[in-house]
Amino acid sequence: MILIVDDKPENILSLKTILELHSFPTDTALSGEEALKKILRQSYALIIVDVQMPGMDGFEVAEAISGYSKARDVPILFLSAVSTEKKFITKGYSSGGIDYITKPIDADILLLKVKTFYRLYEQNRELNRIETSLRSEIEYRKKMEGELQERAGELHSILESLPQVAFTTRADGQIEFVNEQWLNYAPSKQEFPFTHPDDADLPRVWARTVAMGEALELEIRVRRIDSEQYRFHLLRAMPIREGETIVKWVGTFTDIEDQKQAVKRKDEFISIASHELKTPLTTIKAYMQLLDRSISTGNPTKQYVERALAQVRKLDNLIVELLDLSKIESGKLKFNKKLFSFEAMLSNAIEMIQQTYPDYHITRKGTADVELYGDETRIEQVIINYLTNAVKYSPDRKEIDIATVVKPDGRLFVEVRDYGIGIRKDHQADIFSKFYRVEESANRFQGLGIGLYICAEIIRRHEGEFGVESEPGEGSAFYFSVPLSVG
Ligand code: ADP
């Protein structure tokens with residue numbers, strides 16, 4: 001907006017007409033005093049002021065404006081009768097843009113000057129806008145930097161308070177911060193702790209982790225710098241992201257040597273105990289079988305012996321499971337793989353279960369008249385385990401389906417379906433883990449929670465896959481698939 005200041009309304013009108021014809025918005029004031037009031041209230045792009053006015057003249061107006069911080073830089077165009085007054089003008093108003101135009105006013109010259117000032121004004125405004133946005137950008141960055149430093153400080157205090165060895169690295173994996181514990185294990189703040197020569201090479205593992213951008217969990221032996229003895233530690237490292245980008249990594253080494261030793265002692269105990277129990281039990285079983293055979297049918301003692309024998313078999317199965325478990329733990333579960341008739345093995349297994357649980361009805365679906373390469377006894381163990389679980393966890397619905405199919409990709413698929421208590425979704429992923437039993441049903445049904453763990457290991461060792469589909473109250477379908485021939 002351009003402010004025109006003149007005491008003569010006819011002058012104002014003619015200026016206003018010229019300017020508005022060329023789309024310049026205008027405002028007017030009939031005296032210096034009125035102009036000053038307006039300038040205080042509003043910003044103008046240019047002020048055109050008549051030099052000769054009664055009361056406050058043009059120069060005085062300019063001088064007053066130069067005292068206003070708000071309007072100090074607004075350019076002024078003086079209208080004067082004679083051109084020699086220029087040096088006068090400059091004296092009064094030096095900071096803003098200044099020019100004059102002589103009367104009578106030449107419209108072309110006026111427009112030329114107004115346009116120049118207006119362009120300047122707009123450029124100035126644009127510069128101001130850029131400056132303001134730059135300033136706020138700088139402020140924002142400063143604030144962010146401050147916040148970031150504060151957060152890093154907080155993180156470092158937390159890491160310092162941990163009993164573990166802890167560190168952070170930059171996004172590229174360069175160590176950035178280490179807590180006090182670090183120097184008990186590492187030669188310097190820039191290097192990783194000493195690791196056992198037989199374990200993974202830590203700098204290499206770290207480089208790979210950073211390149212993959214995924215969290216790391218690794219059991220690794222490290223030693224204190226003042227000790228020769230390595231202890232198992234769990235190294236966990238997590239990427240810290242801002243949006244999608246990894247900005248740093250934070251990691252800890254936790255001493256797990258004592259747990260490791262405890263687990264080892266427990267495994268050894270299970271192994272020894274199950275071996276020690278197995279020998280006398282085998283003898284008991286043999287004598288019980290002899291006794292059973294020697295008692296003629298119809299003798300009332302026979303049913304007691306048979307009941308005792310059934311319990312002995314249960315005990316025997318539990319001990320066999322424990323023995324298998326300790327073999328898995330010590331890497332001694334051996335497989336005797338050869339080609340065998342799958343259908344024959346399956347029929348045997350079904351018959352055996354059918355005899356043991358005569359009130360259950362097992363329906364065979366599909367055929368699998370194929371030769372399978374694998375350990376027959378172990379595959380049979382999986383099927384018997386699935387079937388006994390199907391019986392055990394279906395006390396009220398006594399139907400079981402067992403389906404087999406050879407898939408086009410040359411894999412044999414086996415599924416045992418029951419209509420029993422089922423398994424909640426949140427338990428399904430865990431039931432193949434060691435000692436896992438569904439809590440709600442654990443008291444109602446006896447077991448050690450290792451049967452499925454052994455099945456999983458057997459199937460894995462046959463390059464197979466396994467799983468379960470189940471609805472609570474509707475039943476479960478346990479399945480596995482193995483390649484017919486390997487390699
Ligand atoms: P165990 O039967 O000795 O407890 P398993 O390893 O065979 O151990 O099974 C683990 C757990 O999975 C069981 O405790 C039970 O909660 C659940 N489970 C296994 N089979 C079934 C099934 N057919 N129906 C319902 N739950 C089952």
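One-based numbering, in listed order, for ligands and for the atoms of each. Keep in mind that the numbers below use all heavy atoms, side chains included, and drop hydrogens, waters and symmetry copies.
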Protein heavy atom at shortest distance from [atom]:
| atom | answer |
| --- | --- |
| atom 23 (N) of ligand 1 | D418 OD2, 2.9 Å |
| atom 7 (O) of ligand 1 | N389 ND2, 2.9 Å |
| atom 6 (O) of ligand 1 | L452 N, 2.8 Å |
| atom 8 (O) of ligand 1 | G449 CA, 3.1 Å |
| atom 12 (O) of ligand 1 | I431 CG2, 3.5 Å |
| atom 4 (O) of ligand 1 | R437 NE, 2.5 Å |

Within-cut-off N or O pair, E321 and ligand 1, under 3.5 Å: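 Not met; the criterion fails.
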Within-cut-off N or O pair, L448 and ligand 1, under 3.5 Å: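 Yes.
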Residue pair N389 / F445, side-chain heavy-atom distance below 4.5 Å: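 They are not in side-chain contact.
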Between [Y] and [X], is there a salt bridge with N-O shorter than 4.0 Å?
| X | Y | answer |
| --- | --- | --- |
| R461 | E457 | yes |
| R221 | E257 | no |
| E376 | R378 | no |
| E268 | K266 | no |
| K142 | E145 | no |

I423 contact mode with ligand 1 (heavy-atom cut-off under 4.0 Å):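 Just the side chain.
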H427 contact mode with ligand 1 (heavy-atom cut-off under 4.0 Å):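 It is neither part, as no heavy atom is under 4.0 Å.
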Residue K392 vicinity, atoms of ligand 1 by number, heavy atom under 4.0 Å: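 Those qualifying, in numeric order: 1 (P), 2 (O), 3 (O).
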Contacting atoms of ligand 1, where contact means under 4.0 angstrom from a heavy atom of I450: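 It comes down to these atoms of ligand 1: 6 (O), 8 (O).
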Pair F167 + W206: ring centers closer than 6.0 Å: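 Ring-ring flag for F167/W206: true, centres closer than 6.0 Å.
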Nearest option to atom 13 (C) of ligand 1, as decided by whichever heavy atom of Y436, F478, Y393 sits closest: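 It is Y393 whose heavy atom sits nearest to atom 13 (C) of ligand 1.
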Parallel, tilted or perpendicular: ring planes of Y360 versus Y357, cut at 30 and 60 degrees: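 Rings of Y360 and Y357: perpendicular, over 60°.
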